[in-house]
Amino acid sequence: MAAATKIGIMDGAYFVGRGEILSWINATLQLNLTKIEEAASGAVQCQMMDMIRPGLVPMHKVNFEAKSEYDMIQNYKILQEAFAKLKIEKHIEVNKLVKGRPLDNLEFLQWLKRYCDSVNGGIKNENYNPVERRSKGGRGPRGYQRSSKSLVANNSANCDLMKDASHNISSPRARQVHATPNVDNTREQIQELTDKIADIKLSMDTMEKERDFYFAKLRDIEILSQSPELEHLPMTKAIRKILYAAETKDSDSFDEAEELPSESSPDNTGSVDGDEDPNEITE
């Protein structure tokens with residue numbers, strides 16, 4: 001569990017996709033979220049902690065209807081108190097999360113999923129009723145209070161509407177009803193394209209973060225190779241040769257760099273430019 005609270009930025013947990021995170025939240029808490037931003041209020045995170053640690057979170061204080069940043073911050077305070085009780089060393093960047101930016105909220109939810117999976121081997125608490133627990137708050141919006149019964153009722157109502165439409169298929173009104181599927185299909189296509197754009201943006205943000213990560217590593221190597229103590233060493237020259245190659249496919253630069261260390265020690269004794277063997281004992 002301790003390892004899950006200190007996972008690094010390149011850990012596999014941060015490569016879990018948006019769709020998988022949303023499916024996990026919806027299946028676990030019986031919700032119907034369609035966007036990562038819908039979890040920006042912190043209420044979902046509070047209930048996840050309530051599920052894995054029953055009784056830890058005062059659900060009557062959690063505001064599932066939070067819209068303003070002030071109300072969202074109150075939820076995150078409750079979450080931070082739960083972390084403190086469990087001695088979880090995880091900094092919550094509240095100022096970023098309440099802005100509703102997808103990438104920031106996705107990263108936090110990716111971490112949360114990793115933590116939940118580390119508790120009891122990720123086994124779901126079968127005795128936990130998420131809909132009932134949300135009702136403890138008293139400030140849950142209709143979307144969060146949705147239960148399986150209401151979904152069945154909605155489906156039955158839709159079936160009744162379709163039956164009524166089939167009886168009046170010859171009327172102008174019926175033709176209008178049958179024309180709506182085209183509009184619904186268009187909306188579905190728009191939503192699908194919007195989701196694809198969101199996925200592409202998240203992928204780009206992830207790749208940019210990887211790029212910055214590896215660039216910082218190369219920059220550290222460059223600075224180290226420029227230090228007075230190391231800059232004259234053959235290995236350092238070889239590294240700089242590779243770093244400053246004009247193109248990655250420039251094989252000549254790599255071959256030249258590979259030859260530099262070997263040229264400095266033709267007798268393979270470890271001595272450079274006629275220096276004495278450091279292992280030799282002199283009297």
In Å and rounded to the nearest 0.5 Å, what is the CG to CG distance from D195 to L22?
-> 9.0 Å
Ion pair present between D104 and R101, side-chain N to carboxylate O less than 4.0 angstrom?
-> yes
Shortest non-hydrogen pair, T236 vs E231, comes out as CG2-CA, 3.8 Å
Separation between CD1 (I88) and CD (Q80), nearest 0.5 Å, reads 9.5 Å
Any ion pair linking E192 and K196 (charged N to carboxylate O, less than 4.0 Å)?
-> yes
In a check of side-chain contact (heavy atoms from CB on, under 4.5 Å) between S41 and each of N75, L97, N105, which one passes?
-> N75
Side chains of Q74 and N63 in contact at under 4.5 Å (non-hydrogen atoms) = no
Going through the distances and angles, do N185 and Q189 end up as a side-chain hydrogen bond (donor to acceptor under 3.5 Å, both in side chains)?
-> CA-CA 6 Å; N185 289 338; Q189 291 175 358; over 6 Å; no
Can you find a pair of side-chain heavy atoms, one from R18 and one from E20, that are under 4.5 Å apart?
-> no
Decide yes or no for K237 and P234: does some side-chain heavy atom of the first lie under 4.5 Å from some side-chain heavy atom of the second?
-> no
Between the main-chain N or O of M48 and the side-chain N or O of R53, is there a donor-acceptor pair closer than 3.5 Å?
-> no
Look at the aromatic rings of F83 and F108 and report parallel, tilted or perpendicular, splitting at 30° and 60°.
-> tilted
Atom CE of M59 and atom CD of E132: how far apart are they, to the nearest 0.5 Å?
-> 11.0 Å
Taking the side chain from Q226 and the backbone from I221, do they hold a donor-acceptor pair closer than 3.5 Å?
-> no
Would you check if there is a donor-acceptor pair between the side chains of Q47 and R133 at a distance under 3.5 Å?
-> no
Does atom CZ of R187 have more than 12 heavy-atom neighbours from other groups under 6.0 Å away?
-> no
Shortest non-hydrogen contact from P102 toward I36 | O-CG2, 3.7 Å
Which heavy atom of E107 sits nearest a heavy atom of Y14, and at what distance?
-> O-CE2, 3.4 Å
To the nearest 0.5 angstrom, please state how far the CG atom of L56 sits from the CG atom of L86.
-> 5.0 Å
Verify the distance criterion only: is there a donor paired with an acceptor across the side chains of T34 and E38 at less than 3.5 Å?
-> yes
Polar side chain donor-acceptor pair, Q30 to N26, under 3.5 angstrom = no
What is the minimum heavy-atom distance between F64 and V44, and which atoms define it?
-> CE2-N, 4.4 Å
S135 side, atom OG; N129 side, atom CG - distance, nearest 0.5 Å = 8.0 Å
May I ask you to list the residues sharing a hydrophobic cluster with L233, side-chain cutoff 4.5 Å, ordered by chain and number?
-> L224, L230
Between L109 and W24, which heavy-atom pair has the shortest distance, and what is it?
-> O-CZ3, 4.2 Å
Distance in Å, N125 CG paired with C116 SG, rounded so as to fall on 0.5 Å steps | 12.0 Å
Kindly work out whether a path of hydrophobic side-chain contacts (I/L/V/M/F/W/Y, heavy atoms less than 4.5 Å apart) joins I200 to L193.
-> no
Does the side chain of E69 come within less than 4.5 Å of V94's, by heavy atoms?
-> no
Between L79 and M49, which heavy-atom pair has the shortest distance, and what is it?
-> CD1-CG, 3.6 Å
Would you say Y115 and I52 make side-chain contact, with heavy atoms under 4.5 Å?
-> yes
Under-4.0 Å salt bridge between K67 and D71 | no
